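As the structure is a prediction and not an experimental result, all values here were calculated from the model. Numbering of ligands and ligand atoms starts at 1, following listing order.
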Amino acid sequence: MCYSIPGKVLEVADNFVTLDYFGEKRKARNELFTISCGEYAYAQGGFIIQKIPAVQAEAILDSWQELFFKLKEIDERLARDSKTLYQKANQIRQKYHGNSCCIHGIIEFSNYCRNDCLYCGIQHNNQAVGRYRMEVAEIIEAAVFAVEKLRFKALVLQSGEDEYYDENKLVAIAEGIMSQSPCLLTLSIGERNPDTFEALYRKGVRGALLRFETSDPQIYARMKPGHSLTQRLDLLVALRKMGYLIMTGFLIGLPGWRKEDIIKDITLTAELGAEMFSFGPFIPHPDTPLAGEGQVSLETALEVIAEARIRNPEAKILVTTALETMDKKNGLQLGLMAGANSIMLNATPRRYQQLYSIYPFRAGTDTEIESRIEFVIRLLQSLGRAPTDLGL
Ligand code: 5AD
């Protein structure tokens, strides 16, 4: 089964295209292609990211037709109850987003980092971690594989804050991927010069994933020596101005964090105009100064998702790998049933996955990506979700 449903172009007006999905109309921005009515295309995050030949699209739509409506029914049925906080949030998710669930593949291309964030296992100070860097061509190859063979339509490239990848290298990566396998490309590379992000935007990168980690300036300064929250927020604001889709959020339960902070943290995420909210529980790493700290419960992490959904019906909310790590068997399902509607799957080449140890025992690093995808698609079907992101 596919990850995404192609839409039929009904209307083209300037940069906007109206697409039809079995009678549902959605809009998407088109910046990359010459496109006309009657053609078929994939949309992600509100952008047209690929055109698809009519014969191919019609075959995919044929195979979807029956399932599309069946999944909707299941989703509606499962969202009927609204007794608990999670159920309320799930109902709102269903009302505003229907059953669509977007899936991103993530490629972690380097675990070198110049920073010493106290919570992070790949911090510069940690001598115990084996370091790796993927070369430009290797990154492009992994991304092309993820789009062409694994059929991801949205990819996130993530690394520590690694200056080895200067602007030229990053631009070459973006150019290489977008020219061979266009997709919704997001970068998660920490703080860089705004000019570099401008250059990457020109090459077709449209997403920026950068968490602000905590809305408390004091906790921030303690956790990230030598850095300030203001500097981070300024960059996020600048990125949004450039046109980037912003994916941001915070760590739940950093030392000093109190439950009352949930609302402040969620509010800041919304104020930054985040297209996608990303909240992960802090999980202590044994080789960091925070090794002995406690962590929040799974219930608290789910409560954050539910609160965020109730307050921001239109946002995309991610089930983070950290949440899945807390309950490897049920975490994903619990997140999706507490208001989340986005997933990230690890498409990093197997030999590097264990080394990207921002926290220990990360979910998804012990299975082959192909079987992980199969598992996730089956889970989504059982919940009545369609693995697709239809656009606006
Ligand atoms: N537990 C959970 N998440 C972590 N991150 C870093 N260290 C940890 C940890 N110990 C998250 C940060 C960062 C993202 C890439 O990983 O929020 O932004």
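- Relative to the ring axis of Tyr112, Arg133 places its NZ or CZ within 45° and under 6.0 Å from the centre.
- Relative orientation of the Tyr201 and Tyr244 rings is perpendicular, given thresholds of 30° and 60° on the angle between their planes.
- Linking Ile, Leu, Val, Met, Phe, Trp and Tyr residues whenever their side-chain heavy atoms come within less than 4.5 Å leaves Val304 and Leu85 in two separate clusters.
- Within 4.0 Å of ligand 1, counting heavy atoms only, the contacting residues are Tyr119, Cys120, Gln158, Arg211, Glu213, Leu251, Pro281, Phe282, Ile283, Ile358, Tyr359.
- Looking at Glu108 and Arg362, a side-chain N of the basic residue comes within less than 4.0 Å of a carboxylate O on the acidic one, giving a salt bridge.
- Aromatic ring centres of Tyr352 and Phe109 lie farther apart than the 6.0 Å criterion allows.
- Tyr164 carries Lys169 over the face of its six-membered ring, with the cationic atom under 6.0 Å from the centre and within 45° of the normal.
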